[in-house]
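Here the structure is a predicted model, which means the values were calculated and not measured. In what follows, every chain begins at residue 1, and chains take the letters A, B, ... in the order their sequences are listed.
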Protein chains: 2
Amino acid sequence: MTTLGYALLGLLAREPASGYDLKRQLQAPIGFFWRARHSQIYPELARLEAIGLVTYQVVAQHDLPDKKVYTITAEGRGALRDWVATPAEAPVVRDEVLLKTFSLWLVEPAAAVALVRDQERRHVEQLQVYEGLHQQLVQRAGAALTHWDSPYFASYITLQKGIGAERQYLEWCRWVVLLLEQPA
Amino acid sequence: MTTLGYALLGLLAREPASGYDLKRQLQAPIGFFWRARHSQIYPELARLEAIGLVTYQVVAQHDLPDKKVYTITAEGRGALRDWVATPAEAPVVRDEVLLKTFSLWLVEPAAAVALVRDQERRHVEQLQVYEGLHQQLVQRAGAALTHWDSPYFASYITLQKGIGAERQYLEWCRWVVLLLEQPA
DNA sequence: GCTAGATATGTCAATAGTAACATAGTCTAC
DNA sequence: GTAGACTATGTTACTATTGACATATCTAGC
(Lines give C-alpha, C1' and ligand atoms only; values in the text may rest on other atoms or scores of the structure.)
Protein backbone atom coordinates (compact mmCIF):
# COMPACT_ATOMS: atom_id res chain seq x y z
CA MET A 1 0.00 0.00 0.00
CA THR A 2 1.17 3.50 -0.85
CA THR A 3 0.66 6.55 1.35
CA LEU A 4 -1.54 8.05 -1.34
CA GLY A 5 -3.75 4.98 -1.00
CA TYR A 6 -4.29 5.78 2.69
CA ALA A 7 -4.94 9.41 1.85
CA LEU A 8 -7.73 8.31 -0.49
CA LEU A 9 -9.11 5.84 2.07
CA GLY A 10 -9.09 8.66 4.65
CA LEU A 11 -11.29 10.74 2.42
CA LEU A 12 -13.56 7.85 1.42
CA ALA A 13 -13.99 6.85 5.09
CA ARG A 14 -15.95 10.09 5.48
CA GLU A 15 -18.12 9.81 2.41
CA PRO A 16 -18.20 8.12 -0.99
CA ALA A 17 -16.63 10.16 -3.77
CA SER A 18 -15.53 10.04 -7.39
CA GLY A 19 -11.93 10.30 -8.55
CA TYR A 20 -12.66 13.83 -9.62
CA ASP A 21 -14.01 14.73 -6.16
CA LEU A 22 -10.92 13.24 -4.56
CA LYS A 23 -8.68 15.18 -6.90
CA ARG A 24 -10.31 18.42 -5.74
CA GLN A 25 -10.03 17.46 -2.09
CA LEU A 26 -6.34 16.74 -2.59
CA GLN A 27 -5.99 20.35 -3.66
CA ALA A 28 -7.96 22.30 -1.07
CA PRO A 29 -8.83 20.75 2.31
CA ILE A 30 -5.94 18.33 2.68
CA GLY A 31 -3.65 19.72 0.00
CA PHE A 32 -1.42 21.44 2.53
CA PHE A 33 -0.10 18.13 3.81
CA TRP A 34 -0.57 15.75 0.88
CA ARG A 35 -0.92 16.39 -2.83
CA ALA A 36 -1.60 14.31 -5.94
CA ARG A 37 -2.55 14.79 -9.58
CA HIS A 38 -5.42 12.97 -11.18
CA SER A 39 -2.92 10.90 -13.17
CA GLN A 40 -1.82 9.37 -9.89
CA ILE A 41 -5.26 9.17 -8.28
CA TYR A 42 -7.10 7.18 -10.97
CA PRO A 43 -4.61 4.28 -11.10
CA GLU A 44 -4.41 4.25 -7.30
CA LEU A 45 -8.20 3.93 -7.02
CA ALA A 46 -8.10 1.04 -9.49
CA ARG A 47 -5.45 -0.65 -7.32
CA LEU A 48 -7.51 -0.13 -4.15
CA GLU A 49 -10.50 -1.62 -5.93
CA ALA A 50 -8.43 -4.59 -7.13
CA ILE A 51 -7.40 -5.49 -3.57
CA GLY A 52 -10.91 -5.02 -2.21
CA LEU A 53 -10.44 -1.91 -0.05
CA VAL A 54 -12.97 0.09 -2.06
CA THR A 55 -15.84 -0.64 -4.44
CA TYR A 56 -17.47 1.59 -7.02
CA GLN A 57 -20.70 2.13 -8.88
CA VAL A 58 -21.13 4.05 -12.09
CA VAL A 59 -23.60 6.85 -11.48
CA ALA A 60 -25.34 8.50 -14.43
CA GLN A 61 -25.94 12.22 -14.08
CA HIS A 62 -28.63 14.01 -16.09
CA ASP A 63 -26.66 17.21 -16.65
CA LEU A 64 -23.05 16.00 -16.41
CA PRO A 65 -20.93 13.05 -17.62
CA ASP A 66 -21.22 9.72 -15.81
CA LYS A 67 -18.99 9.17 -12.81
CA LYS A 68 -17.61 6.30 -10.76
CA VAL A 69 -18.53 6.75 -7.13
CA TYR A 70 -16.12 4.91 -4.85
CA THR A 71 -17.09 3.59 -1.41
CA ILE A 72 -14.74 2.26 1.25
CA THR A 73 -15.24 -1.39 2.29
CA ALA A 74 -15.00 -2.87 5.79
CA GLU A 75 -11.53 -4.18 4.87
CA GLY A 76 -10.57 -0.72 3.65
CA ARG A 77 -11.65 0.82 6.93
CA GLY A 78 -9.71 -1.83 8.84
CA ALA A 79 -6.55 -1.23 6.80
CA LEU A 80 -6.86 2.51 7.35
CA ARG A 81 -7.33 2.12 11.11
CA ASP A 82 -4.29 -0.15 11.37
CA TRP A 83 -2.17 2.30 9.42
CA VAL A 84 -3.22 5.26 11.59
CA ALA A 85 -2.19 3.42 14.78
CA THR A 86 1.31 2.83 13.35
CA PRO A 87 4.19 5.33 13.95
CA ALA A 88 4.52 7.92 11.19
CA GLU A 89 7.44 9.04 9.06
CA ALA A 90 8.89 12.53 9.59
CA PRO A 91 7.31 15.24 7.41
CA VAL A 92 9.07 16.09 4.16
CA VAL A 93 9.02 19.66 2.91
CA ARG A 94 10.17 20.91 -0.48
CA ASP A 95 9.99 24.68 -0.37
CA GLU A 96 11.54 26.39 -3.33
CA VAL A 97 11.00 29.80 -1.77
CA LEU A 98 13.13 28.93 1.26
CA LEU A 99 15.74 27.44 -1.03
CA LYS A 100 15.89 30.72 -2.91
CA THR A 101 15.90 32.62 0.37
CA PHE A 102 19.00 30.69 1.32
CA SER A 103 20.76 32.26 -1.70
CA LEU A 104 19.03 35.62 -1.37
CA TRP A 105 22.28 37.41 -0.58
CA LEU A 106 23.24 37.06 -4.27
CA VAL A 107 20.50 39.35 -5.56
CA GLU A 108 19.51 42.99 -5.06
CA PRO A 109 17.04 43.74 -2.23
CA ALA A 110 14.40 44.75 -4.79
CA ALA A 111 14.40 41.25 -6.34
CA ALA A 112 14.47 39.69 -2.89
CA VAL A 113 11.44 41.69 -1.76
CA ALA A 114 9.57 40.71 -4.93
CA LEU A 115 10.18 37.02 -4.17
CA VAL A 116 8.95 37.25 -0.59
CA ARG A 117 5.97 39.47 -1.41
CA ASP A 118 4.89 36.98 -4.06
CA GLN A 119 4.95 34.24 -1.45
CA GLU A 120 3.13 36.46 1.03
CA ARG A 121 0.29 36.93 -1.46
CA ARG A 122 0.05 33.16 -1.92
CA HIS A 123 -0.22 32.54 1.82
CA VAL A 124 -2.79 35.28 2.34
CA GLU A 125 -4.99 33.50 -0.19
CA GLN A 126 -4.42 30.08 1.36
CA LEU A 127 -5.20 31.40 4.82
CA GLN A 128 -8.50 32.79 3.56
CA VAL A 129 -9.39 29.43 2.02
CA TYR A 130 -8.63 27.58 5.25
CA GLU A 131 -10.48 30.10 7.38
CA GLY A 132 -13.49 29.69 5.11
CA LEU A 133 -13.31 25.92 5.52
CA HIS A 134 -13.06 26.41 9.28
CA GLN A 135 -16.26 28.49 9.30
CA GLN A 136 -18.10 25.83 7.29
CA LEU A 137 -16.80 23.10 9.55
CA VAL A 138 -17.89 24.79 12.79
CA GLN A 139 -21.37 25.34 11.39
CA ARG A 140 -21.83 21.80 10.10
CA ALA A 141 -20.23 19.93 12.97
CA GLY A 142 -22.01 21.37 15.99
CA ALA A 143 -21.19 19.46 19.17
CA ALA A 144 -19.41 16.72 17.21
CA LEU A 145 -16.51 19.14 16.69
CA THR A 146 -14.97 18.18 20.02
CA HIS A 147 -15.81 14.45 20.04
CA TRP A 148 -12.66 12.43 19.44
CA ASP A 149 -14.50 9.78 17.41
CA SER A 150 -16.05 12.21 14.98
CA PRO A 151 -14.54 12.93 11.56
CA TYR A 152 -15.38 16.58 12.19
CA PHE A 153 -13.01 16.57 15.13
CA ALA A 154 -10.21 15.13 12.98
CA SER A 155 -10.90 17.70 10.24
CA TYR A 156 -10.92 20.44 12.83
CA ILE A 157 -7.54 19.63 14.31
CA THR A 158 -5.82 19.12 10.96
CA LEU A 159 -7.30 22.35 9.65
CA GLN A 160 -6.06 24.20 12.72
CA LYS A 161 -2.57 22.97 11.88
CA GLY A 162 -2.91 24.34 8.37
CA ILE A 163 -4.17 27.71 9.59
CA GLY A 164 -1.36 27.93 12.14
CA ALA A 165 1.25 27.08 9.51
CA GLU A 166 -0.10 29.70 7.10
CA ARG A 167 -0.09 32.37 9.80
CA GLN A 168 3.45 31.51 10.75
CA TYR A 169 4.53 31.70 7.12
CA LEU A 170 2.85 35.08 6.70
CA GLU A 171 4.47 36.49 9.82
CA TRP A 172 7.84 35.37 8.53
CA CYS A 173 7.27 36.93 5.08
CA ARG A 174 6.36 40.25 6.67
CA TRP A 175 9.34 40.13 9.00
CA VAL A 176 11.71 39.48 6.08
CA VAL A 177 10.25 42.32 3.99
CA LEU A 178 10.69 44.62 6.97
CA LEU A 179 14.34 43.66 7.28
CA LEU A 180 14.94 44.10 3.55
CA GLU A 181 13.23 47.50 3.34
CA GLN A 182 14.92 48.80 6.46
CA PRO A 183 17.15 51.80 5.64
CA ALA A 184 20.73 50.50 5.49
CA MET B 1 18.75 22.07 -14.24
CA THR B 2 17.00 20.39 -11.34
CA THR B 3 16.02 22.11 -8.11
CA LEU B 4 18.46 19.89 -6.25
CA GLY B 5 21.19 21.29 -8.50
CA TYR B 6 20.39 24.80 -7.28
CA ALA B 7 20.31 23.57 -3.69
CA LEU B 8 23.85 22.26 -4.12
CA LEU B 9 24.98 25.46 -5.84
CA GLY B 10 23.47 27.45 -2.97
CA LEU B 11 25.64 25.56 -0.51
CA LEU B 12 28.76 25.68 -2.69
CA ALA B 13 28.33 29.44 -3.21
CA ARG B 14 29.18 29.80 0.49
CA GLU B 15 32.15 27.48 0.61
CA PRO B 16 33.68 24.53 -1.26
CA ALA B 17 32.51 21.15 -0.02
CA SER B 18 32.60 17.43 -0.78
CA GLY B 19 29.56 15.37 -1.68
CA TYR B 20 29.65 13.95 1.81
CA ASP B 21 29.64 17.46 3.36
CA LEU B 22 26.70 18.42 1.16
CA LYS B 23 24.84 15.28 2.17
CA ARG B 24 25.17 16.31 5.83
CA GLN B 25 24.06 19.86 5.12
CA LEU B 26 21.00 18.52 3.32
CA GLN B 27 20.08 16.82 6.59
CA ALA B 28 20.59 19.49 9.24
CA PRO B 29 20.80 23.17 8.27
CA ILE B 30 18.67 23.18 5.16
CA GLY B 31 17.01 19.79 5.58
CA PHE B 32 13.77 21.33 6.80
CA PHE B 33 13.01 22.75 3.37
CA TRP B 34 14.95 20.48 0.99
CA ARG B 35 16.22 16.94 1.40
CA ALA B 36 18.27 14.50 -0.63
CA ARG B 37 20.08 11.19 -0.19
CA HIS B 38 23.66 10.71 -1.22
CA SER B 39 22.50 8.51 -4.09
CA GLN B 40 20.89 11.58 -5.61
CA ILE B 41 23.64 14.04 -4.67
CA TYR B 42 26.65 12.30 -6.25
CA PRO B 43 25.16 11.99 -9.75
CA GLU B 44 23.84 15.56 -9.54
CA LEU B 45 27.32 16.87 -8.70
CA ALA B 46 28.72 14.97 -11.70
CA ARG B 47 26.08 16.63 -13.89
CA LEU B 48 26.90 20.11 -12.52
CA GLU B 49 30.56 19.45 -13.22
CA ALA B 50 29.79 18.25 -16.76
CA ILE B 51 28.01 21.52 -17.62
CA GLY B 52 30.72 23.65 -16.02
CA LEU B 53 28.82 25.06 -13.02
CA VAL B 54 31.24 23.48 -10.53
CA THR B 55 34.78 22.08 -10.59
CA TYR B 56 36.47 19.69 -8.22
CA GLN B 57 39.84 18.65 -6.89
CA VAL B 58 40.68 15.38 -5.21
CA VAL B 59 42.04 16.14 -1.76
CA ALA B 60 44.06 13.51 0.08
CA GLN B 61 43.54 13.39 3.84
CA HIS B 62 46.14 11.89 6.17
CA ASP B 63 43.69 10.25 8.56
CA LEU B 64 40.59 9.76 6.36
CA PRO B 65 39.75 8.57 2.83
CA ASP B 66 40.38 10.94 -0.09
CA LYS B 67 37.58 13.32 -1.02
CA LYS B 68 36.47 15.39 -3.99
CA VAL B 69 36.13 19.01 -3.00
CA TYR B 70 33.72 20.86 -5.26
CA THR B 71 33.95 24.60 -5.95
CA ILE B 72 31.34 26.74 -7.68
CA THR B 73 32.44 28.47 -10.91
CA ALA B 74 31.55 31.98 -12.08
CA GLU B 75 28.98 30.41 -14.43
CA GLY B 76 27.56 28.44 -11.52
CA ARG B 77 27.20 31.58 -9.45
CA GLY B 78 25.53 33.33 -12.39
CA ALA B 79 23.08 30.47 -12.93
CA LEU B 80 22.21 30.47 -9.23
CA ARG B 81 21.65 34.24 -9.14
CA ASP B 82 19.36 34.08 -12.19
CA TRP B 83 17.36 31.26 -10.64
CA VAL B 84 16.91 33.10 -7.32
CA ALA B 85 15.49 36.16 -9.10
CA THR B 86 12.85 34.00 -10.83
CA PRO B 87 9.38 33.40 -9.25
CA ALA B 88 9.23 30.26 -7.10
CA GLU B 89 6.89 27.28 -7.07
CA ALA B 90 4.49 26.82 -4.13
CA PRO B 91 5.90 24.71 -1.29
CA VAL B 92 5.04 21.02 -1.28
CA VAL B 93 4.52 19.25 2.03
CA ARG B 94 4.16 15.52 2.59
CA ASP B 95 3.29 15.06 6.22
CA GLU B 96 2.27 11.55 7.16
CA VAL B 97 1.42 12.62 10.69
CA LEU B 98 -1.18 15.09 9.48
CA LEU B 99 -2.53 12.50 7.08
CA LYS B 100 -2.97 10.11 10.01
CA THR B 101 -4.44 12.92 12.10
CA PHE B 102 -7.07 13.34 9.42
CA SER B 103 -8.21 9.77 10.14
CA LEU B 104 -7.57 9.96 13.87
CA TRP B 105 -11.27 9.59 14.67
CA LEU B 106 -11.00 5.87 13.75
CA VAL B 107 -8.67 4.97 16.63
CA GLU B 108 -8.84 5.10 20.42
CA PRO B 109 -7.61 8.30 22.11
CA ALA B 110 -4.69 6.38 23.63
CA ALA B 111 -3.33 5.47 20.17
CA ALA B 112 -4.00 9.00 18.96
CA VAL B 113 -2.07 10.53 21.86
CA ALA B 114 0.85 8.16 21.20
CA LEU B 115 1.02 9.34 17.59
CA VAL B 116 1.03 13.02 18.47
CA ARG B 117 3.44 12.65 21.40
CA ASP B 118 5.87 10.82 19.13
CA GLN B 119 5.73 13.74 16.70
CA GLU B 120 6.12 16.20 19.58
CA ARG B 121 9.33 14.50 20.64
CA ARG B 122 10.68 14.74 17.11
CA HIS B 123 9.98 18.46 16.90
CA VAL B 124 11.47 19.18 20.33
CA GLU B 125 14.71 17.64 19.06
CA GLN B 126 14.61 19.52 15.78
CA LEU B 127 13.96 22.80 17.56
CA GLN B 128 17.01 22.24 19.75
CA VAL B 129 19.16 21.56 16.68
CA TYR B 130 17.98 24.74 14.98
CA GLU B 131 18.40 26.83 18.09
CA GLY B 132 21.95 25.51 18.41
CA LEU B 133 22.63 26.50 14.80
CA HIS B 134 21.17 29.91 15.53
CA GLN B 135 23.57 30.43 18.44
CA GLN B 136 26.53 29.44 16.27
CA LEU B 137 25.38 31.71 13.49
CA VAL B 138 24.99 34.78 15.69
CA GLN B 139 28.46 34.28 17.12
CA ARG B 140 30.17 33.76 13.77
CA ALA B 141 28.33 36.38 11.77
CA GLY B 142 28.74 39.48 13.91
CA ALA B 143 27.51 42.61 12.17
CA ALA B 144 27.16 40.73 8.85
CA LEU B 145 24.04 39.09 10.25
CA THR B 146 21.89 42.03 9.16
CA HIS B 147 23.61 42.89 5.87
CA TRP B 148 21.40 41.81 2.97
CA ASP B 149 24.40 40.83 0.80
CA SER B 150 25.92 38.50 3.38
CA PRO B 151 25.35 34.72 3.31
CA TYR B 152 24.98 34.94 7.10
CA PHE B 153 21.93 37.13 6.64
CA ALA B 154 20.38 34.58 4.26
CA SER B 155 21.16 31.73 6.66
CA TYR B 156 19.71 33.73 9.51
CA ILE B 157 16.36 34.43 7.88
CA THR B 158 15.91 30.87 6.58
CA LEU B 159 16.81 29.47 9.98
CA GLN B 160 14.28 31.76 11.65
CA LYS B 161 11.64 30.26 9.38
CA GLY B 162 12.64 26.77 10.49
CA ILE B 163 12.57 27.70 14.16
CA GLY B 164 9.17 29.35 13.77
CA ALA B 165 7.77 26.33 11.95
CA GLU B 166 9.04 23.94 14.63
CA ARG B 167 7.55 26.07 17.42
CA GLN B 168 4.23 26.20 15.63
CA TYR B 169 4.25 22.43 15.16
CA LEU B 170 5.04 21.90 18.84
CA GLU B 171 2.27 24.21 19.98
CA TRP B 172 -0.15 22.30 17.80
CA CYS B 173 0.99 18.91 19.16
CA ARG B 174 0.50 20.10 22.73
CA TRP B 175 -2.90 21.57 21.94
CA VAL B 176 -4.05 18.28 20.35
CA VAL B 177 -2.83 16.21 23.31
CA LEU B 178 -4.71 18.55 25.64
CA LEU B 179 -7.91 18.05 23.65
CA LEU B 180 -7.48 14.27 23.58
CA GLU B 181 -6.72 13.94 27.28
CA GLN B 182 -9.52 16.24 28.30
CA PRO B 183 -12.11 14.38 30.43
CA ALA B 184 -15.03 13.53 28.11
C1' DG C 1 -23.37 26.57 -34.84
C1' DC C 2 -19.14 27.55 -32.14
C1' DT C 3 -16.06 28.25 -28.45
C1' DA C 4 -14.57 28.15 -23.85
C1' DG C 5 -14.71 26.02 -19.55
C1' DA C 6 -16.07 22.71 -16.12
C1' DT C 7 -16.92 17.83 -15.34
C1' DA C 8 -15.20 13.29 -15.81
C1' DT C 9 -11.77 9.42 -16.63
C1' DG C 10 -8.02 7.54 -18.27
C1' DT C 11 -2.82 6.36 -20.33
C1' DC C 12 2.06 6.93 -21.05
C1' DA C 13 6.73 8.61 -21.22
C1' DA C 14 9.87 10.93 -18.51
C1' DT C 15 11.77 12.60 -14.30
C1' DA C 16 12.59 12.69 -9.33
C1' DG C 17 13.57 10.25 -5.40
C1' DT C 18 14.43 6.03 -2.45
C1' DA C 19 16.43 1.75 -0.82
C1' DA C 20 19.63 -1.47 -1.46
C1' DC C 21 23.92 -3.00 -3.09
C1' DA C 22 28.93 -2.20 -3.43
C1' DT C 23 33.56 -0.82 -1.98
C1' DA C 24 37.26 0.94 0.87
C1' DG C 25 40.04 3.48 4.47
C1' DT C 26 40.46 4.87 9.41
C1' DC C 27 39.42 5.08 14.42
C1' DT C 28 38.01 3.47 18.86
C1' DA C 29 36.82 0.25 22.19
C1' DC C 30 36.74 -4.50 23.51
C1' DG D 1 42.71 -8.91 16.08
C1' DT D 2 38.16 -7.52 15.35
C1' DA D 3 33.69 -5.52 15.44
C1' DG D 4 31.23 -1.38 14.97
C1' DA D 5 30.97 3.30 13.57
C1' DC D 6 32.17 7.07 10.67
C1' DT D 7 34.16 8.94 6.47
C1' DA D 8 33.88 8.75 1.56
C1' DT D 9 32.02 7.75 -3.24
C1' DG D 10 29.62 5.47 -6.26
C1' DT D 11 25.74 2.33 -9.03
C1' DT D 12 21.40 0.14 -9.84
C1' DA D 13 16.67 -1.36 -9.60
C1' DC D 14 12.56 0.21 -8.11
C1' DT D 15 8.82 3.40 -6.82
C1' DA D 16 6.55 7.81 -6.79
C1' DT D 17 5.29 11.78 -9.15
C1' DT D 18 4.71 14.84 -12.98
C1' DG D 19 3.38 16.58 -17.50
C1' DA D 20 1.58 15.72 -21.68
C1' DC D 21 -1.54 13.37 -24.44
C1' DA D 22 -6.22 11.62 -25.16
C1' DT D 23 -11.27 11.53 -25.12
C1' DA D 24 -16.12 12.57 -24.10
C1' DT D 25 -20.23 15.12 -22.00
C1' DC D 26 -22.69 19.18 -20.80
C1' DT D 27 -23.49 24.29 -20.01
C1' DA D 28 -23.32 29.07 -21.00
C1' DG D 29 -22.39 32.82 -23.77
C1' DC D 30 -21.48 34.62 -28.35
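Using a 4.0 Å cut-off, no side-chain N or O of B:Arg24 falls inside it from OP1 or OP2 of D:dC6. Within the structure, a side-chain polar atom (N or O) of B:Arg37 is placed less than 4.0 Å from OP1 or OP2 of C:dA19. Put simply, B:Lys68 has a side-chain N or O that comes within less than 4.0 Å of OP1 or OP2 on D:dG10. At the phosphate of C:dT9, OP1 or OP2 sits under 4.0 Å from a side-chain N or O atom of A:Tyr42.
Rounded to an integer number of Å, the gap from CG of B:Leu22 to C1' of D:dG10 is 15 Å. The NE2-C1' distance, from B:His38 to D:dT9, rounds to 7 Å in whole Å. Atom CD in A:Gln27 sits about 13 Å away from atom C1' in C:dT7, given to the nearest Å. Between the CD atom of B:Gln40 and the C1' atom of D:dT15 there is a distance of 13 Å, rounded to whole Å. The distance between atom OH of A:Tyr20 and atom C1' of D:dT23, rounded to the nearest whole Å, is 15 Å. A:Glu44 places its CD atom 9 Å from the P atom of D:dT17, with the value rounded to the nearest Å. The distance from atom CH2 of B:Trp34 to atom P of C:dT18 is 11 Å, rounded to the nearest whole Å. One atom, NZ of B:Lys23, and another, P of C:dA19, lie 14 Å apart when rounded to the nearest Å.
Nucleic acid contact class of A:Thr2 (heavy atoms, under 4.0 Å, all strands): sugar-phosphate only. Here A:Thr3 lies out of heavy-atom contact (under 4.0 Å) with every strand.
On a pure distance criterion of 3.5 Å, no polar donor-acceptor pair joins the side chain of B:Ser39 and the base of C:dG17.
Between B:Tyr169 and B:His123, the ring planes lie parallel to each other; the angle is under 30°, not in the 30° to 60° tilted range.
Listed by residue number, A:Gln61, A:Leu64 are the residues of residues 52-64 of chain A with a heavy-atom contact under 4.0 Å to DNA chain C.
Under the ring-ring contact (aromatic ring centres under 6.0 Å, His included) criterion, the residue pairs touching residues 44-64 of chain B are B:Tyr56-B:Tyr70, with sequence neighbours excluded.
For A:Met1 and A:Asp66, each mapped to the nucleotide of DNA chain D holding its nearest heavy atom, the one lying further toward the 5' end belongs to A:Met1. Mapped onto DNA chain C by nearest heavy atom, A:Ser18 and B:Leu4 fall at different nucleotides, with A:Ser18 at the one closer to the 5' end.
Contact annotation: the side chain of B:Leu12 never approaches that of B:Leu80 to less than 4.5 Å [non-hydrogen atoms, C-beta and beyond].
A:Thr2 and A:Arg47 are not linked by any side-chain donor-acceptor pair at a separation below 3.5 angstrom, with hydrogens and angles left out of the test.
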Residues B:Leu11, A:Phe102; criterion side chain to side chain contact (heavy atoms under 4.5 Å, CB included); working and verdict
CA-CA 9 Å; B:Leu11 289 165; A:Phe102 189 67; 3.7 Å; yes
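The cationic atom of A:Arg167 (NZ for Lys, CZ for Arg) does not lie both less than 6.0 Å from the six-membered ring centre of A:Tyr130 and within 45° of the ring axis.
By the neighbour-count criterion of 12 heavy atoms within 6.0 Å, atom CD of A:Gln27 is densely surrounded, having more than that number from other residues, nucleotides or ligands.
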